[in-house]
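Have a look at the structure below, then the notes.
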There are 2 protein chains.
Amino acid sequence: MKIGELSSTTGIDIQTLRYYESQNLISKPKRLSNGYRDYSDDTISTLQFIKKAKLVGFTLNEIKELLEIQVTKDKHTCHEVKEFTQVKLDEINHKISELKKIKSALSKIHQTCCGGFESAENCSILSALENSDD
Amino acid sequence: MKIGELSSTTGIDIQTLRYYESQNLISKPKRLSNGYRDYSDDTISTLQFIKKAKLVGFTLNEIKELLEIQVTKDKHTCHEVKEFTQVKLDEINHKISELKKIKSALSKIHQTCCGGFESAENCSILSALENSDD
DNA sequence: CTTGACTCTATAGCATACTTTAGGGTTTAG
DNA sequence: CTAAACCCTAAAGTATGCTATAGAGTCAAG
Ligand SMILES: [Zn+2]
Ligand SMILES: [Zn+2]
Ligand SMILES: [Zn+2]
Ligand SMILES: [Zn+2]
């Protein structure tokens, strides 16, 4: 199948498909006599794997690693795969807790402000940001 | 004070200080006869403002806006400032909830895997990513 | 035969917040 | 006087995941 069909089948933009190829996420397809890319059906499932993996937070590089594991499943263990997702879960948890820290710091500043329509000359939000003490 | 001193006082890298200047976060300092930057003490508080604002999650562009508000406080209202932080809080909350969605999707996949040292040929994590159905 | 849809490559751009590099002056201590 | 430490500019590089642009060949329908 040509790139346009693959694109509409998977919902992935043509440019993006070529980009994935350049990043070695999908293997280089055969070419028709006119030079057009000619994909096999397997590519669809690879792309679905990529989409799913993106959805659960993996980066393209991580997905590349995952794909390498996936195509050589028999040479890898469940332990290894589970460890991979564990690392990612840890990362996500870390990001969440960082954001929560930021949120609570900003909330604290936010709450002190009256929010009224008077001049901001004594606005507690601005003061909080000005103050040099932590 | 010269840039090195400002850098060690504030803990902000010299290159970063010049970068902030290029982005108009801090105003262009006077120059000594040899062309070296000569900062006034006010710059320190501006930089502390920037550091604090970064800590609570504002981007440099947002900080630039905040600084404009701050130097013309009297022409702005508390309402305006509070609205500004509210928008940011909403953004942060959105990011957190997105991450939580990702987390729960990944967790679900993660939990099904036995994590054992057998071959990953039937690993449920890989299967979950392969499956075309949502 | 022409028009429009499709495909190709190579390169640049976007957003963010720096960091690095290259190449070159200035100052100060010994 | 010289070497280290400090300062300067301009431009390119980093990471991420595309997206856009330019210029050009190919194919199918009317
Ligand atoms: Zn107020
Ligand atoms: Zn206020
Ligand atoms: Zn298992
Ligand atoms: Zn498993």
Side-chain angles (χ1 to χ4, degrees), chain A residues 1-26 28-40 43 46-67 88 91-92 94-95 98-99 102, chain B residues 1-26 28-40 43 46-67 88 91-92 94-95 98-99 102:
Chain A
M1 98 185 54
K2 285 186 288 181
I3 200 167
E5 194 185 340
L6 184 63
S7 172
S8 51
T9 306
T10 58
I12 297 172
D13 194 82
I14 290 178
Q15 317 275 46
T16 305
L17 290 173
R18 291 199 273 247
Y19 174 69
Y20 284 173
E21 182 183 328
S22 78
Q23 300 307 110
N24 301 309
L25 283 162
I26 54 182
K28 293 192 190 304
K30 295 171 311 224
R31 295 298 179 119
L32 298 170
S33 52
N34 58 13
Y36 288 11
R37 286 172 178 79
D38 184 23
Y39 294 99
S40 77
T43 316
T46 306
L47 288 169
Q48 274 156 352
F49 186 99
I50 293 172
K51 278 180 90 174
K52 278 225 155 188
K54 267 173 61 73
L55 268 182
V56 296
F58 289 108
T59 66
L60 293 189
N61 272 328
E62 288 161 349
I63 293 171
K64 190 155 55 172
E65 290 183 62
L66 272 174
L67 281 167
K88 197 68 201 179
E91 255 178 65
I92 293 167
H94 182 69
K95 277 188 197 164
E98 286 295 304
L99 279 172
I102 289 172
Chain B
M1 97 185 54
K2 284 186 289 179
I3 198 166
E5 192 185 342
L6 183 62
S7 172
S8 52
T9 307
T10 59
I12 298 172
D13 193 81
I14 289 178
Q15 319 275 44
T16 304
L17 290 173
R18 291 199 273 247
Y19 173 70
Y20 284 173
E21 183 182 326
S22 78
Q23 301 306 109
N24 299 309
L25 283 162
I26 54 182
K28 294 192 188 304
K30 292 171 311 218
R31 295 297 180 120
L32 298 170
S33 53
N34 57 14
Y36 287 12
R37 287 173 178 78
D38 183 24
Y39 293 99
S40 78
T43 315
T46 304
L47 288 169
Q48 273 155 351
F49 186 99
I50 293 172
K51 278 181 89 173
K52 278 225 155 188
K54 267 173 62 70
L55 267 183
V56 295
F58 289 107
T59 66
L60 293 189
N61 270 329
E62 289 162 347
I63 293 171
K64 189 154 58 170
E65 290 183 61
L66 272 174
L67 281 167
K88 197 68 200 177
E91 255 178 63
I92 293 168
H94 182 70
K95 277 188 197 164
E98 286 295 302
L99 280 173
I102 288 172

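None of these values were measured; they are calculated from a predicted model.
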Summary of protein contacts for nucleotides 2-16 of chain C, nucleotide by nucleotide, where a base hit scores B, a sugar-phosphate-only hit scores S (4.0 Å, heavy atoms): ----BSSB------S
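- In this structure A:Thr43 satisfies the side-chain contact (heavy atoms from CB on, under 4.5 Å) test together with A:Leu6, A:Ile26, A:Tyr39, A:Ser40, A:Leu47, sequence neighbours excluded.
- Stem list for DNA chain D (at least 3 consecutive Watson-Crick or G-U pairs, distances under 3.5 Å): C:1-30 with D:1-30.
- Judged as a side-chain hydrogen bond (donor to acceptor under 3.5 Å, both in side chains), and not counting sequence neighbours, the contacts of A:Glu62 are A:Thr59, A:Lys88.
- Two residues, B:Ser33 and B:Lys54, neighbour DNA chain C, and the one matched to the more 5' nucleotide by heavy-atom proximity is B:Lys54.
- Once rounded to the nearest 0.5 Å, the distance linking CD of B:Gln15 with CZ of B:Arg18 reads 5.5 Å.
- Under the side-chain hydrogen bond (donor to acceptor under 3.5 Å, both in side chains) criterion, B:Gln23 pairs with no residue at all, not counting sequence neighbours.
- Under the salt bridge (charged side-chain N to carboxylate O under 4.0 Å, His left out) criterion, no residue pair touches residues 2-15 of chain A, with sequence neighbours excluded.
- Residues satisfying the side-chain contact (heavy atoms from CB on, under 4.5 Å) criterion with A:Ser7, sequence neighbours excluded, are A:Ile14, A:Leu17.
- Atom pair B:Ile26:CD1 and C:dC18:C1' shows a separation of 14 Å (rounding to whole Å applied).
- Scored by the side-chain contact (heavy atoms from CB on, under 4.5 Å) test, B:Asn24 finds B:Lys64 as partners (sequence neighbours excluded).
- Partners of B:Ile102 under the side-chain contact (heavy atoms from CB on, under 4.5 Å) rule, at least two apart in sequence or in another chain, are A:Ile92.
- You can see that DNA chain D meets the heavy atoms of chain A within a 4.0 Å-exclusive cut from D:dT16 to D:dC27, reading 5' to 3'.
- Applying the side-chain hydrogen bond (donor to acceptor under 3.5 Å, both in side chains) rule to A:Glu65 yields no partners; only residues at least two apart in sequence or on another chain are considered.
- Not counting sequence neighbours, A:Phe49 has no partner by the ring pair (Phe, Tyr, Trp, His ring centres under 6.0 Å) test.
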